[in-house]
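What follows is a single structure, written as structure tokens, with notes after it.
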Amino acid sequence: MWVRRGSTDVRILDVDIRSLSAEGSPRNAGENPDHVAALAELDVPLPPIIVHRDSMRVIDGVHRLRAAQLRGHDSIAVTFYDGTEADAFVLAVESNVRHGLPLSLPDRKRAAARIITTHPQWSDRKIASVAGLSPGTVAEVRRSATVGVPGDIARIGRDGRVRPVDITEGRRRAGQLIAENPSLSLRQIARGAGISPETARDVRNRLSRGEEPLLPARPRGVRPRPGEELLKVVPQTGRAEIRRAAAAETALREGLSAVNRLKADPALRLNETGRLLLRLLSVHMLPPDEWKGITDTVPPYWSGTVAHLARECAHIWEEVATRVEKNTAQGNAQGNSVAAAPADTSACPTV
């Protein structure tokens with residue numbers, strides 16, 4: 001049997017209870033006997049538990065496991081998770097926060113401290129959404145835990161976007177790089193300093209005017225412009241997750257910029273077909289968190305149909321891309337042919 005988990009189909013298997021481990025739970029006090037007894041009394045099948053395949057450790061469903069044992073069952077319905085141990089713990093915390101018997105506040109704080117250790121590149125808000133805490137509480141836990149990445153200046157937020165921890169340090173590094181090698185390109189400076197190319201440009205312009213690379217202090221009550229402190233180029237921390245998130249955000253911003261340029265072209269916006277194309281392109285330029293919200297609301301019994309339609313749409317857009325490129329190539333070929341053809345001088349007067 002198959003069920004839907006997020007955007008993936010997962011298989012339900014009957015697994016021998018003796019092969020499973022309940023160690024490593026985010027519940028410091030262990031299982032709640034009353035909750036186990038209540039589950040065992042239910043006259044309905046319980047949802048499958050989630051098990052980490054590599055370690056056979058129960059990620060979500062220890063109470064259901066104990067209830068099955070109390071019923072005298074030898075096996076239990078399981079779906080396997082194939083991620084890392086660190087990600088398995090994150091899933092365990094998230095699952096126990098969203099449903100079932102909630103984790104206590106001390107358990108959630110301990111879980112946040114562990115996630116900060118294993119995922120230091122995650123923002124306080126992202127960890128808070130997993131652990132069921134406020135971002136302020138996670139920030140307090142982070143300070144007390146004194147863990148992080150040396151030189152870490154960027155973190156991934158709940159929406160998947162990469163943001164700097166301290167943009168000041170990035171500007172200072174950019175100034176040093178420019179002073180050491182003025183011939184570096186903006187992208188090289190941005191990559192080395194962990195800032196956006198636009199910020200690198202601003203630092204270079206400030207230095208050329210004899211100013212400091214750092215921005216003057218912002219008056220109180222004045223909020224930064226949207227995206228002012230957003231990283232588009234990831235610092236060299238070696239984390240593939242940060243690189244993927246930064247690349248996705250850069251691609252989205254470049255796509256939105258391209259669509260806006262298309263909207264300004266009268267050849268497209270002043271006819272119905274052109275406006276239809278612009279509307280279709282705009283619909284697809286959604287940030288990752290909005291796409292996640294859309295996919296999460298698809299009912300499980302429609303997941304196969306929606307996935308099929310999404311792939312069909314992808315094929316259609318691929319065909320559109322091929323046709324547009326073909327038309328462009330043919331137009332260029334015709335233009336070159338006209339330019340290379342000798343002029344007809346038969347009707348010209350003789351000089």
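Given the structure is predicted, the values throughout are model-derived calculations rather than measurements. Just so you know, residue 1 is the first one in the sequence shown, and it goes up from there. When reading the values below, keep in mind they use all heavy atoms of this one structure, side chains included, and skip hydrogens, waters and symmetry mates.
Counting heavy atoms from C-beta on, the side chains of Val203 and Ile189 never come closer than 4.5 Å. At a threshold of 4.5 Å between non-hydrogen side-chain atoms, the residues His119 and Val130 do not count as touching. Side-chain contact check for Met56 versus Ser21: every heavy-atom pair is 4.5 Å or farther apart. By the 4.5 Å heavy-atom criterion applied to side chains, Leu309 and Thr305 are counted as neighbours. Contact check for Glu319 versus His315: no side-chain heavy atoms found under the 4.5 Å cut-off. Residues Lys263 and Arg269 have side chains not in contact (no heavy-atom distance under 4.5 Å, counting atoms from C-beta outward). Side chains of Val51 and Val15 form no contact here, defined as non-hydrogen atoms less than 4.5 Å apart. You'll find the side chain of Trp122 stays beyond 4.5 Å of the side chain of Val138, heavy atoms only.
At distances below 3.5 Å, at least one donor-acceptor pair connects side-chain atoms of Arg64 with backbone N or O atoms of Pro48. At distances below 3.5 Å, at least one donor-acceptor pair connects side-chain atoms of Ser129 with backbone N or O atoms of Lys126. Judged by distance alone, the side chain of Arg206 and the main-chain N or O of Glu212 form a donor-acceptor pair under 3.5 Å. Put simply, the side chain of Asn28 never gets that close to the backbone of Asp107: no donor and acceptor are under 3.5 Å apart. Listed for the Arg171 side chain is a donor-acceptor partner under 3.5 Å among the backbone atoms of Pro213.
To the nearest 0.5 Å, atom NE2 of residue His284 and atom SG of residue Cys313 are 6.0 Å apart. Atom CG of Asp82 and atom CG of Asp87 lie 12.0 Å apart (nearest 0.5 Å). Rounding to the nearest 0.5 angstrom, the gap separating the NE2 atom in His73 from the CG atom in Leu65 is 12.0 Å. For the atom pair Thr199 OG1 and Arg204 CZ, the distance stands at 13.5 Å (nearest 0.5 Å). How far CD1 of Ile12 is from CD1 of Ile76: 11.5 Å, rounded to the nearest 0.5 Å. Between the CZ atom in Arg27 and the CZ atom in Arg108 there is a gap of 11.0 Å [rounded to 0.5 Å].
Under the 4.5 Å side-chain contact rule for hydrophobic residues, Leu70 and Ile49 do not share a cluster. Under the 4.5 Å side-chain contact rule for hydrophobic residues, Leu39 and Ile59 do not share a cluster. A single hydrophobic cluster is seen to contain both Ile116 and Leu103, as judged by linkage of ILVMFWY side chains at heavy-atom distances under 4.5 Å, directly or through other members. Val324 and Leu280 fall within the same hydrophobic cluster, defined by Ile, Leu, Val, Met, Phe, Trp and Tyr side-chain heavy atoms under 4.5 Å apart, directly or through other members. Note on Leu262 and Trp317: same hydrophobic cluster, where clusters join Ile, Leu, Val, Met, Phe, Trp and Tyr whose side-chain heavy atoms are under 4.5 Å apart, directly or indirectly.
Between Ala267 and Asp265, the shortest heavy-atom contact is N-OD1, 2.9 Å. Closest approach of Ala22 to Val62, counting heavy atoms only: CB-CG1, 4.1 Å. Minimum heavy-atom separation, Thr137 to Ser134: OG1-OG, 2.8 Å. The two residues Ala88 and Arg57 make their nearest non-hydrogen contact at CB-NH2, 3.9 Å. Considering every non-hydrogen atom in both Val259 and Ser282, the closest pair reads CG1-OG, 3.6 Å. The two residues Val141 and Ala112 come nearest to each other via the heavy atoms CG1-C, 4.4 Å.
Between the side chains of Gln69 and Arg66, at least one donor N or O sits under 3.5 Å from an acceptor N or O.
The 12-atom threshold is not exceeded at CG of Asp74, counting heavy atoms of other residues, nucleotides or ligands nearer than 6.0 Å. Counting non-hydrogen atoms of other residues, nucleotides and ligands closer than 6.0 Å to CZ of Arg209 gives a total above 12. Within a 6.0 Å radius of CD in Glu272, more than 12 heavy atoms belonging to other residues, nucleotides or ligands are found. Summarising the local packing, CD of Glu312 is surrounded by more than 12 heavy atoms from other residues, nucleotides or ligands at distances under 6.0 Å. Counting heavy atoms of neighbouring residues, nucleotides and ligands inside a 6.0 Å radius, atom CH2 of Trp302 does not exceed 12 of them.
At a threshold of 4.0 Å, the pair Glu140-Lys109 does not count as salt-bridged, since none of the basic side-chain nitrogens sits closer than that to a carboxylate oxygen.
Classified by interplanar angle (parallel below 30°, tilted 30° to 60°, perpendicular above 60°), the ring pair Tyr81/His52 is tilted.
For Ser185, the side chain to side chain donor-acceptor pair (under 3.5 Å) partners two or more places apart in sequence, or in a different chain, are Gln188.
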